[in-house]
Amino acid sequence: MLMPVPMPSRLMIFLAYLISLLLSIFLLCVLKIMHPQIASVFDEAENRYLKPDEIKLIGQYVASMPERLDTYRNLRDREPEIMQAVVDQLEAEFPQESEENLERCLKNALLMLRYCGLSLLVNDETIVQHRFLDWVKPLSQAYETKAVDSKLYRLLNQQLSKALSPKQMGYLSPSLSLAQDGLLSQTAKR
Amino acid sequence: MLSQIERLSREVDGRYASDAELTFAIDYVRSFNLRVQTYQKLQEIESMLVQQTYSKMRTLDPTVFDSAGTDISAKWKRDTLRVLRYVAIAVLMDDADTFRERLLLWFQTIMRAFSAQRSCNLTYQVMQDVIKQSLTAPQANLVCPLLELSRRTLGTIA
Amino acid sequence: MVIATELQNPIKRKYPKKHNHYGFRDFFQFDPDKGTIIDWNEGQNILTTEDFIVGLVEGLQEEVGDASAATMYTIGCEWGQKDAFFFEKWFEKEFDRNMRQTNLLFLLETWWWPFTAQGWGRWEVDMGDRKQGFMFVNIFDSAVARTLGDVGKPVCYLYAGLFAGFFTELVKKQLSCIEIQCYSMGETYCKFLLGGQDRIDAAAFWMNEGATARDIEKRLRTGDMLR
């Protein structure tokens, strides 16, 4: 079972419970790991050895690993304070919005952050697409959360820039942009 | 590492990995250069490895390449080369689990169907000796455990 | 079995004759857009949990009571029979060889591998008594037994039927199958006896009398028969 990260407010505790419940359903989604080319190294095993540029590709990922680990750990350790700041500001910005709606948006943002974290760690943006966007996007469209999400992401990105170094933001940004742009865009389902 | 990443990816669904869960990645980074070196060395000497193993086995037990009157040396060479290449990639990726799942477990049933366990047992025993003579100690320490895994999986009569 | 019209599996497209293709991600092709899981032999698959097995067993029990065992066995037989035809086609395609001109053990291992990949458990075939007209199959990690746990009686009727149906087609002789040892009886693995009806009846009788799998094996091998 999933272990929720301890949250500073009761809102967050509730969110964590919801997340673990929801995610157990989606555990059987497509699992693609790492850069697709690296994941396929075993495919050709018996036919040939890897070419120098294929090994180089793996080497590049390995070389970036210490920084990715630092980014990931930093994000993980600072998530509670980041999210608490976002919750506080969001509640102030949308005093008329129902707690239910805010919870929904915050829950999804939390998930988004965690999937982006995983994505940067294993260098695989398809994680964000298949394990997050594919099912959150239709939901957010159904609940019409765009206005709240838009503000939420602005607040979140501000907090993230304070918590992470520019280099670390460089690792996080691609998947974060992918997720946020994906959720905010108005295009119909593909 | 590949299968460890996949497992991690599954297990941390919706949460973050703990430091303990990330140590395998740090270990891999540390060992990467040695692994590349070992992988490239295996590529360089693979023919010699197979040939030397073959010759040694012939000396120890010539009947092992005789299957009911048929000489199976060619088949043996093809099968052994296949396993060796998988071992090489498993060394590079530090991934015995994928090696097991995608080759060894299947191959075990095939070897059993053809009663080739004795031959496999000897092959991967002898090959470990050849490896120890052909590679540096740190390199051999990466390869031999996988050869031993091969020997135990393919060579043991259940 | 539904046959997909388009070959999706990229590994199969590249290496159609790759025989070691039973790794989880090799054997199954997941298409999230279509919501399908197509295997290497172009059969359609669905993912189920233990709830499915429990539902099947308990549901049948509720509907037909004691006849549920026989029902599952019959389902297994039909499945095995149909699978024999399915298997013949894909085997000959993969190995460019007639099924009946192949090393028997190799053929059988190849038949069972998709089942292992699907989660039905690993097996071991004992053909040592083939000339006497019977054989044994061991199943490790039976999906049904593992799901139901220790219930004090054999439960793998589906498997027994599957073997009966498949092997009957394979050898073109009417064979039956009975489970003589089960994980659900506290054993570490399941054991099945395959043979003519008279042998199966004998085993069933001995089991009723409290004989163990070992007893049954011994009696069959020494030629004990029910008169």
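Residue numbering restarts at 1 for every chain, and letters A, B, ... go by the order of the sequence lines.
Interface residue B:V29: backbone and side-chain heavy atoms are both found under 4.5 Å from chain A. At a 4.5 Å heavy-atom cutoff, the contact between A:L121 and chain B is made by side-chain atoms alone. For A:R68, no part lies under 4.5 angstrom from a heavy atom of chain B. For B:L8, the part lying under 4.5 angstrom from a heavy atom of chain A is the side chain only. At a 4.5 Å heavy-atom cutoff, B:L103 makes no contact with chain A through either its backbone or its side chain. Of the atoms belonging to B:D19, heavy atoms from both backbone and side chain fall under 4.5 Å from chain A.
Once rounded to the nearest 0.5 Å, the distance linking CZ of B:R82 with CG of A:N47 reads 9.5 Å. Of the inter-residue distances, the one linking A:M65 atom CE with B:F32 atom CZ reads 11.5 Å to the nearest 0.5 angstrom. Interatomic distance, CG of B:D13 versus CZ of A:R114, reported as 11.0 Å (0.5 Å rounding).
Closest approach of A:L50 and B:Y39 over heavy atoms only: N-OH, 2.7 Å. Of all the heavy atoms in A:Y72 and B:A17, the pair that sits closest is OH-N, 2.7 Å. Contact record, B:R102 with A:F42: NH1-CB, 3.4 Å, taken as the closest heavy-atom pair.
By the 6.0 Å contact criterion, CZ on A:R48 is enclosed, its count of non-hydrogen atoms from other residues, nucleotides or ligands being greater than 12. Heavy atoms of other residues, nucleotides or ligands lying less than 6.0 angstrom from OH of A:Y143 number 12 at most. The neighbour count for B:R100 CZ, taken as heavy atoms of other residues, nucleotides or ligands under 6.0 Å away, does not exceed 12.
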Show me the donor-acceptor pairs, under 3.5 Å and distance only, between side chains in residues 152-159 of chain A and residues at least two apart or in other chains.
| from | atom 1 | to | atom 2 | distance (Å) |
| --- | --- | --- | --- | --- |
| A:N157 | OD1 | A:Q180 | NE2 | 3.0 |
| A:N157 | ND2 | A:Y153 | O | 3.3 |
| A:N157 | ND2 | A:Q180 | OE1 | 3.0 |

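At least one side-chain heavy atom of B:M93 sits under 4.5 Å from a side-chain heavy atom of A:I58. You'll find the side chain of A:E44 stays beyond 4.5 Å of the side chain of B:I89, heavy atoms only.
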**B:S9 vs A:R131, side-chain hydrogen bond (donor to acceptor under 3.5 Å, both in side chains): CA-CA, chis, key distance, verdict** = CA-CA 11 Å; B:S9 183; A:R131 306 243 314 250; 3.0 Å; yes

**Request:** Mind running side chain to side chain contact (heavy atoms under 4.5 Å, CB included) on A:V122 and B:E6 for me, showing each step along the way?
**Result:** CA-CA 9 Å; A:V122 303; B:E6 188 157 326; over 6 Å; no

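Side-chain atoms of B:Q40 and A:Y49 form no donor-acceptor pair, as typed in the model, at a separation below 3.5 Å. Using a 3.5 Å distance cut-off with no hydrogens or angles, the side chains of A:D77 and B:Y16 do not pair a donor with an acceptor.
For B:R85 and A:E46, the salt-bridge test fails: no basic side-chain N is under 4.0 Å from an acidic carboxylate O.
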